[in-house]
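Note that the coordinates shown come from a computational prediction; the quantities given were computed from them, not determined experimentally. Side-chain atoms are counted along with the backbone in the values below, which use heavy atoms only and exclude waters and symmetry mates. All residue numbers in this chain count up from 1 along the given sequence.
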Amino acid sequence: MAGDAVGGVASGDGVQGDVDSRDWWDHRPVFSTVDKGGRITGLAPSERPGRLTGRLLISSALCFIGWGIASLLGTSLLCGGTSAPAGSCAVDVPGDVPVVWAIVAAVVGGYLTLFVTTDVTEQARQRFGQRRAASFLRSAPLLAGLFAGAAISVVTALRIDTAETIRRTTQGLIGTEAIAISAALAVLAGLWWVAVMLRLPGALLHAYQRQTTIDRLRRDGRRYGGQVRLGDIVYWLGNNPELNVTIEYDSPAGHHQRRARMRTSPDRVPTDGSRVIVYDDLRGDVHVELDRAAGPVWAPEARYTPSE
């Protein structure tokens with residue numbers, strides 16, 4: 001296992017091969033010597049560290065609007081189905097709308113909202129190369145929309161006689177069910193949103209720093225050939241396994257063994273001893289990639305598929 005040290009390797013050396021995609025996940029397995037789980041960060045060859053874009057911000061705004069409307073209409077329908085006083089519902093849903101059209105509108109609106117939410121998640125996941133950051137970026141507008149819609153319903157219900165409505169609601173009197181549920185939804189969504197917003201900047205910064213390190217090591221790090229030794233499966237994230245692995249490689253400083261985590265899908269688990277490329281800056285930062293030029297062989301998919 002000779003170390004083929006090359007200083008200043010160009011970005012993407014040794015990772016061209018069976019895929020040519022800007023999505024880091026298409027280049028799996030993804031290795032990390034410092035992170036675990038959803039914090040593991042990837043960067044597709046030739047790509048640069050991700051940043052917030054206008055398209056991502058617009059999609060987030062549409063996600064907020066979609067979930068806000070869903071929350072507002074849902075709480076209004078709940079209000080209309082109770083014996084709440086007239087005018088206390090945020091949206092007066094007509095009672096003569098045909099059921100078929102109501103179902104069609106709900107299905108179309110729900111589909112569009114889910115489509116935009118999925119688009120935000122995929123954009124963030126691909127751009128920042130990290131599922132944790134993508135999860136927070138999706139949750140922020142979603143929770144904000146739920147909070148806004150439910151809060152509007154509560155404020156509308158309280159505008160008639162605030163003190164009396166609060167008294168009736170706290171006593172659980174008939175006709176105040178929608179207000180209580182809307183208030184509970186608003187409080188839960190609001191608190192969850194605050195928790196997400198407190199963690200979101202750190203998650204985005206962590207993903208950006210990890211991608212910056214990967215990009216720097218590809219460009220300026222020293223490149224060594226190595227092997228990956230597979231360990232046990234730590235857990236599955238969805239249907240995708242995460243394994244403990246050991247990276248072995250030689251450098252002028254001697255033989256190295258680095259413990260790492262490997263995230264991949266069941267059909268793309270390299271066999272034990274597969275060749276990898278190790279980028280090392282001699283200051284402790286290490287980036288590992290599968291050596292596509294060596295023609296990796298994948299282990300049987302069934303071996304790494306979670307049992308039912």
Side-chain angles (χ1 to χ4, degrees), residues 52 56-121 124 133-204:
L52 289 173
L56 185 55
L57 293 175
I58 291 174
S59 295
S60 297
L62 293 176
C63 180
F64 165 76
I65 293 172
W67 285 102
I69 293 175
S71 177
L72 181 61
L73 290 179
T75 51
S76 295
L77 286 172
L78 179 64
C79 177
T82 67
S83 57
S88 62
C89 298
V91 178
D92 187 12
V93 180
D96 56 350
V97 176
V99 176
V100 174
W101 286 112
I103 294 176
V104 169
V107 170
V108 172
Y111 173 80
L112 292 176
T113 300
L114 291 176
F115 175 82
V116 173
T117 305
T118 302
D119 183 59
V120 171
T121 306
S135 175
F136 285 144
L137 272 173
R138 173 201 63 214
S139 298
L142 187 157
L143 293 170
L146 289 177
F147 168 76
I152 290 174
S153 292
V154 173
V155 171
T156 302
L158 294 178
R159 67 184 178 182
I160 299 177
D161 188 343
T162 303
E164 178 62 16
T165 303
I166 292 177
R167 183 189 67 80
R168 290 173 56 83
T169 302
T170 55
Q171 292 179 357
L173 299 180
I174 295 177
T176 62
E177 303 93 330
I179 302 175
I181 294 175
S182 299
L185 176 61
V187 170
L188 290 174
L191 292 176
W192 197 352
W193 178 81
V194 170
V196 167
M197 292 304 296
L198 289 175
R199 302 173 67 185
L200 177 60
L204 294 180

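- Contact detail for S71 and G145: the closest heavy-atom pair is CB-O, 4.0 Å.
- A pairwise comparison of heavy atoms in A186 and A151 identifies CB-N, 4.0 Å as the closest pair.
- I152 and L72 make their closest contact through CG2-CD1, 3.8 Å (heavy atoms, listed as atom of the first residue, atom of the second, distance).
- The shortest heavy-atom contact between A203 and F136 is CB-CD1, 3.5 Å.
- The shortest heavy-atom contact between F147 and A189 is N-CB, 3.8 Å.
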Can you list, pair by pair, the side-chain donor-acceptor contacts under 3.5 Å of residues 58-67, counting residues two or more places apart and other chains?
{"residue": "S59", "atom": "OG", "partner": "R55", "partner atom": "O", "Å": "3.0"}
{"residue": "S59", "atom": "OG", "partner": "D119", "partner atom": "OD2", "Å": "3.1"}
{"residue": "S59", "atom": "OG", "partner": "Q123", "partner atom": "NE2", "Å": "3.0"}
{"residue": "S60", "atom": "OG", "partner": "L56", "partner atom": "O", "Å": "2.9"}
{"residue": "W67", "atom": "NE1", "partner": "T117", "partner atom": "OG1", "Å": "2.8"}

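- The closest side-chain heavy-atom distance from L188 to L146 is not below 4.5 Å.
- For residues 134-146, the pairs satisfying side chain to side chain donor-acceptor pair (under 3.5 Å) are S135-R138, with sequence neighbours left out.
- Side-chain atoms of T75 and S153 form a donor-acceptor pair, as typed in the model, at a separation below 3.5 Å.
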